[in-house]
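Okay, structure first, notes after.
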Protein chains: 2
Amino acid sequence: MRTYTQLVTLGMPDSHLSEIRDLHLFSDMEDEHFQQLVRASYVQNFPPQIELITEGDPSDFLHILLSGSVDLFSSWNARETSMATVRPVSTFILAASVRDAPYLMSARTLEKSRIMLIPSQDLREVFGKDIQFAQAIVDELAQCYRGVIKNTKDLKLRTSLERLANHLLRQQARAGGGATFVLDSEKRRLASVLGMTSENLSRAFKGLRPYGVEVKGSQITITNQQDLEGFAKPNPLIDHR
Amino acid sequence: MRTYTQLVTLGMPDSHLSEIRDLHLFSDMEDEHFQQLVRASYVQNFPPQIELITEGDPSDFLHILLSGSVDLFSSWNARETSMATVRPVSTFILAASVRDAPYLMSARTLEKSRIMLIPSQDLREVFGKDIQFAQAIVDELAQCYRGVIKNTKDLKLRTSLERLANHLLRQQARAGGGATFVLDSEKRRLASVLGMTSENLSRAFKGLRPYGVEVKGSQITITNQQDLEGFAKPNPLIDHR
DNA sequence: GCTGGCAGTTGACATTTATCAATCGAATGC
DNA sequence: GCATTCGATTGATAAATGTCAACTGCCAGC
């Protein structure tokens, strides 16, 4: 297996390698240690709709999404919810890897995706001897933690209409701040991420019309920024992402 | 201020010090580094209902609750919700400290509490030179992260009745597993933690009566363990705490 | 042993959200 | 070009949850 691993790794284009090296997680670590991680890892292409990991399974690899997109989701009692969307270039399930604990979420590709896998064991080994890397992992974990806390506040303190309004404002900002932008996920996934049904999302979009939100397919136009912000009341302690 | 700090620190009873030393977070670190942290820190007693930290403020200290209990809560738009209850001996707002970022939650004492405060700056300094400590922080952070993820799953995948049922099962287990146990917080706080109103919690308790839950004040008796578990469907990927 | 205050409960009602079924509409395949 | 499929929408309805007001019961303080 290690042989296969190396073969695949050798096939990794330099562009990807340097992109990974520049990730906050790796940028400050010793070159030798980085090489050690890369040698142990491998890169693979996945088609859309492939379940990469299943909640409850042991966490053998830290995953790094190089291109494409991945849905993190969870199930219980025949219900399912989208927890987050991973976009390149970033890691996912870091917490499970460092704790050597079972995954709490499942992951599936949304589109064709290129993913680097670092064996959790190697991750922990390098972690133990590279303080810069340790620092970076702490930073990344703390950021993830804060992200989930913000999400919890969003869920507990806001109605679904308010969550949608703030989501649109965040997405608008990420898209450059223009009045018109395009939703980056299916509406039913968006509904699940926001903790509602897709029917309810449809109605929520209508409910935002009085505040200056126009919807045409997946294209959103905010015709009255002030009104929308007045309703959404965005807050850096919840919404800054 | 440092003088005051040291004075207070010197007044810390050894029992507390060794208890802190045995905390997972500190147990493996160099003695010298531990001493450095302790010298920089101070310990203080707070009466009940004191707001220790306010969300949005810069995070100057890592807090360690030595005795008493603390409520972590958040507000938005005139609404408020309890995010978690901190019980001794454990840390809180670690993520904000290591990131040097503003608090995302406020904290108030629920009862008379003894709290140790470690300046975030010292924390980060020692962190940079003690790999064991770094390791422990990563572990703690990862655990916190996983806790919040579980909470999010609880909120998004379960109804309030199901959340209450599972909460009772968890609390029962923590209390030793007997059929009768006592709730460890006010019902209105419990309601807020579970993401519901206190009126709704009252009705939820009634709704669990058919599954063998008897309520007398804050004393709960589970008369039919099987029925309750059959309804609650507890799951280690959500409920193990 | 009153009595005021307060957490908790209850009932009536409003709002929010989910469910189910039907339909629309754009994209896909033959 | 037409049928099929699937996501999205809509309407009707049900269920869950929140709100408001009144009331209960217990405890603390005089």
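Below, chain A is the first sequence line, B the second, and so on; all start at residue 1.
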Can you tell if the side chain of [X] reaches within under 4.5 Å of the side chain of [Y], non-hydrogen atoms only?
X	Y	result
B:Asp139	A:Val98	no
A:Val43	A:Met116	yes
B:Trp76	A:Leu237	no
A:Thr159	B:Arg79	yes
B:Leu169	B:Phe231	no
B:His167	B:Arg170	yes

Residue met sooner reading DNA chain C from 5', once B:Asn200 and B:Arg188 are mapped to nucleotides: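 The answer here is B:Arg188.
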Nearest 0.5 angstrom please: [X] [atom1] to [Y] [atom2], how far?
X	Y	atom1	atom2	value
A:Arg114	A:Ser67	CZ	OG	7.0 Å
B:Leu110	B:Thr85	CG	OG1	6.5 Å
B:Leu208	B:Asp227	CG	CG	11.0 Å

Rounded to the nearest Å, what distance is computed from the [atom1] atom of residue [X] to the [atom2] atom of nucleotide [N]?
X	N	atom1	atom2	result
A:Lys187	C:dA26	NZ	C1'	12 Å
B:Leu190	C:dT9	CG	P	11 Å
B:Leu161	D:dG18	CG	P	13 Å
B:Met196	C:dT9	CE	C1'	13 Å
A:Glu199	D:dG11	CD	P	14 Å
B:Leu201	C:dA7	CG	P	15 Å
B:Phe205	C:dA7	CZ	P	17 Å
A:Gln49	D:dC6	CD	P	12 Å

End axis versus end axis in the helix from C:dG1-D:dC30 to C:dC30-D:dG1, the angle rounded to 10°, five pairs used at each terminus: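 Inter-axis angle at the ends, rounded: 30°.
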Presence of donor-acceptor pair under 3.5 Å, side chain of A:Arg203 and base of C:dT19: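 It does, because a donor-acceptor pair links the side chain of A:Arg203 to the base of C:dT19 below 3.5 Å.
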Check against salt bridge (Lys or Arg N to Asp or Glu O under 4.0 Å), A:Arg108 and A:Glu80: CA-CA 13 Å; A:Arg108 74 164 76 89; A:Glu80 183 181 306; 3.0 Å; yes
N or O in side chain of B:Thr197 less than 4.0 angstrom from D:dG18 OP1/OP2: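 For B:Thr197, the contact criterion (side-chain N or O under 4.0 Å from OP1 or OP2 of D:dG18) is met.
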C:dT17 OP1/OP2 closer than 4.0 Å to side-chain N/O of A:Ser160: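 Answer is yes, contact under 4.0 Å.
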Summary of salt bridge (charged side-chain N to carboxylate O under 4.0 Å, His left out) pairs that have at least one residue in residues 147-157 of chain B, sequence neighbours excluded: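 Residue pairs with at least one partner in residues 147-157 of chain B: A:Glu55-B:Lys153, B:Asp154-B:Arg158.
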Qualifying side-chain hydrogen bond (donor to acceptor under 3.5 Å, both in side chains) pairs with a residue from residues 201-223 of chain A, counting only residues at least two apart or across chains: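 For residues 201-223 of chain A: A:Thr180-A:Thr221.
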Could you identify which residues of [range] place a heavy atom less than 4.0 Å from some atom of DNA chain C, listed by residue number, or say none?
range	value
residues 179-186 of chain B	B:Glu186
residues 208-223 of chain B	none
residues 73-87 of chain B	none

Minimum heavy-atom distance between B:Ala95 and A:Tyr145, given as atom pair plus value: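 For B:Ala95 and A:Tyr145, the tightest heavy-atom pair comes out as CB-CD2, 3.3 Å.
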Residue among B:Thr54, B:Ile53, B:Leu72 satisfying side chain to side chain contact (heavy atoms under 4.5 Å, CB included) with B:Tyr103: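 Going through the options one by one, the only one that passes is B:Ile53.
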